[in-house]
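Okay, structure first, notes after.
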There are 2 protein chains.
Amino acid sequence: MNVTLRQLRAFTGVYRTRSITRAARALGITQSAASLLIQQLEAQLGVKLFDRSTRSVQPTLAADEAFHAAERMLSDAQGLSRRMRDLAQARAGRVAFLASAGAASALLPLVLAKFRASHPDIEIDMRDVAADDLVPRLSTTDAEFAIGSVEGEFADMTVETLTRGRLSAIGRRTADFAARRALTWDELAQLPTIAMRRESRIRMQIDQALSAQGKRLDPTYEVMLINTALAMTAQGLGLAILPATMLPADQFPTLIARPLVRPALTRPVSLLQRQGRTLSPAAQAFVATARAVLAQQPGPGTARAIAQK
Amino acid sequence: MNVTLRQLRAFTGVYRTRSITRAARALGITQSAASLLIQQLEAQLGVKLFDRSTRSVQPTLAADEAFHAAERMLSDAQGLSRRMRDLAQARAGRVAFLASAGAASALLPLVLAKFRASHPDIEIDMRDVAADDLVPRLSTTDAEFAIGSVEGEFADMTVETLTRGRLSAIGRRTADFAARRALTWDELAQLPTIAMRRESRIRMQIDQALSAQGKRLDPTYEVMLINTALAMTAQGLGLAILPATMLPADQFPTLIARPLVRPALTRPVSLLQRQGRTLSPAAQAFVATARAVLAQQPGPGTARAIAQK
DNA sequence: TGACATTCATAGGCAAAGCTCATGAATTAA
DNA sequence: TTAATTCATGAGCTTTGCCTATGAATGTCA
């Protein structure tokens, strides 16, 4: 057998109190049990630790030395337990995850704020990544999950759609525009529009869906960054064609989104996880927050209702 | 229950090998036992430590953190065991003891040299103390034992006489002096002599013993330090009246000792220990060496034989 | 000094922990 | 599909660990 922490606990107790009986009481065991633990430890280490008579328990020099090592181990043990407990309760730790630029811009700030409030001591490491890179990066880096507009199946990955953003026309809150419940793609043709460039995922989805219906989008402007499109819209240069989820309300209070219909298109905001890898408690807490926050976003169901009206 | 070192050993093994089976083999237990240990630890800490399928065992982030703490504790445990083993075998450690000036001067250097040779890594802390202080100091300081000319009984102390030094006349190795086997106290009266001062223990013993026989010592010189007496003798100023054990042969090669008889007096060289206090292994080794070395000193038995001749 | 109280050690007995063996389930390799 | 590997689980046995009771030693107080 080998030295046990039990023995060390008894040892430090006896060392401090200079009494087997008192140490036993403190440990919640009987005096005889404590006596045995000390004897075991002595046998184990091959050293006499206490000169004991029925009347006194005197630590030897060896005990003086052993005491420090023992205390350190015990405090390490306690520290380990506490630290793990904190991790388990998501009171400490770190969340590292990937976010595609789109998801990160409008939706995640909300989630981050809420999570920060409830878990102030968790370190957050959010890494912006191009949507195409989400899956490959997730398998190779230490990120625990990814959030972004991804659909489909991937090997060793689970994909869960948290919410869907309706492709919308985003414009200034004019009386005219605000009165509309929805716009059709056809109506857009007569209006100045700002869309993402053809290389982008969003644009490709749009072009594909429209061309299937013999239609096409002919934007007035084409930009690379979502923020650019929104800024231009705020300046009155036209309507931005984007998923409604990508409009940060607080950042652009003058803008509103109206769903585009015929056809109604949606882009998912999905959660990607590696299969067979449990999330850290901190990550689980974060994901829970994300689900809760995103569930409150207006879903595509409303969009369909409007489209049929 | 609580975390055990057993669990931590299994944990670090699995963490390193990323396999329960391999770790179990390394620990000399079965795979199922190792599996259980990991489960226990997880339950204990409230954290999942490995994502395990039948095919792979992946440490979680919590495991990464726990690993370092666990390793530290285990290496502490090993260090403690090793250190204690070294102490037990007197391969490491410290001997702190008291020595009266007399004992320290001639006898102990021999012991020290021999002990050093056989136990090179033991730290030696020898403290010179006046003979009268040996007992009180031994009860209050951390010295483990004392060596000196002490006789009698003391509370809580054991006294063991290691050897006895005959009170002798020490003089230069002249043909005349070397021819003598012994001298009587009466013969001294006609010779120049150097004795310790009346306040000293040695001198008090002499004066008492002689006056009991109606004799007295009338030294030419009286000094305080043994070394002074010997140095004066080496200069030919007279015969030093001292226990033979106090003549360091290597330091004064020209001097020899001849026992004084009628009456033959001896002074003990004793080992004092606190009762009920085991000596550290290092101290035990030192005491053993001291016994061995001092047993080889010419004892008082020879002196008696000569006196009767 | 003698009765008492306190403290440590030890023995017996029992409950629980810990291990092994056997088996099952999952997954990869051939 | 079969075989092989690996982890999990259950049954059963051994060992450990603890408690109770008791004994021995020692200090305390009358």
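Every value quoted in this text rests on a predicted model; they were computed, and no experiment measured them. Hydrogens, waters and symmetry mates are skipped; everything else that's a heavy atom, side chains included, is used. To find a chain, count down the sequence lines: A is the first, B the second, and so on, and within it residues start at 1.
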Taking atom CG of A:Asp64 as the centre, does the number of heavy atoms from other residues, nucleotides or ligands within less than 6.0 Å exceed 12? yes

Over how many whole Å does the gap from B:Asp51 atom CG to C:dA26 atom C1' extend? 16 Å

Let me know the distance between CD of B:Gln275 and C1' of D:dA25, rounded to the nearest Å. 14 Å

Given Watson-Crick and G-U pairs under 3.5 Å, DNA chain D in dot-bracket ([ ] crossing, | other strand) is ||||||||||||||||||||||||||||||

Has B:Thr60 got a side-chain atom pairing as donor or acceptor with B:Lys48's backbone, closer than 3.5 angstrom? yes

Okay, side chain of A:Ser56, backbone of A:Ser53: is any donor-acceptor separation there less than 3.5 Å? no

Measure CG/A:Asn2 against P/C:dG18 and give the value in whole Å, please. 15 Å

What's the shortest heavy-atom distance between B:Gly93 and B:Leu87, and which atoms? CA-CD2, 3.6 Å

Start with the C-alpha distance between B:Thr17 and B:Arg22, add both sets of side-chain angles, then the distance that settles side chain to side chain donor-acceptor pair (under 3.5 Å), and finish with yes or no. CA-CA 7 Å; B:Thr17 62; B:Arg22 278 195 292 278; 4.7 Å; no

Take the protein atom CG of A:Leu37 and the nucleotide atom P of C:dC8, then report the distance between them rounded to whole Å. 14 Å

Spell out, as yes or no, whether a donor-acceptor pair under 3.5 Å connects the side chain of A:Ser270 to the backbone of A:Val159. no

Spacing of A:Leu49 atom CG relative to C:dC8 atom P, expressed in whole Å: 15 Å

Give a yes/no answer on whether the side chain of A:Arg6 brings an N or O atom under 4.0 Å of OP1 or OP2 in D:dT16. no

Using a 4.0 Å heavy-atom cut-off across all strands, classify A:Ala33 as base, sugar-phosphate, or nothing. sugar-phosphate

At under 4.0 Å between heavy atoms, which parts of nucleotides 2-15 of chain D does protein reach? Answer with one letter per nucleotide, 5' to 3': B base, S sugar-phosphate only, - none. ---BBBBB------

Between CD1 of A:Ile38 and P of C:dT10 the distance, given in whole Å, is 14 Å

OP1, OP2 of D:dG17 versus side-chain N and O of A:Gln40: anything below 4.0 Å? yes

Ring-plane angle category for A:Phe97 and A:Phe145, please: parallel below 30°, perpendicular beyond 60°, tilted otherwise. parallel

When the distance from CD of B:Gln7 to P of C:dA17 is rounded to whole Å, what number comes out? 12 Å

Do B:Arg94 and A:Glu65 meet the salt-bridge criterion of a basic N to acidic O distance under 4.0 Å? no

Would A:Asp142 and A:Arg127 pass as an ion pair if we require N to O under 4.0 Å? yes

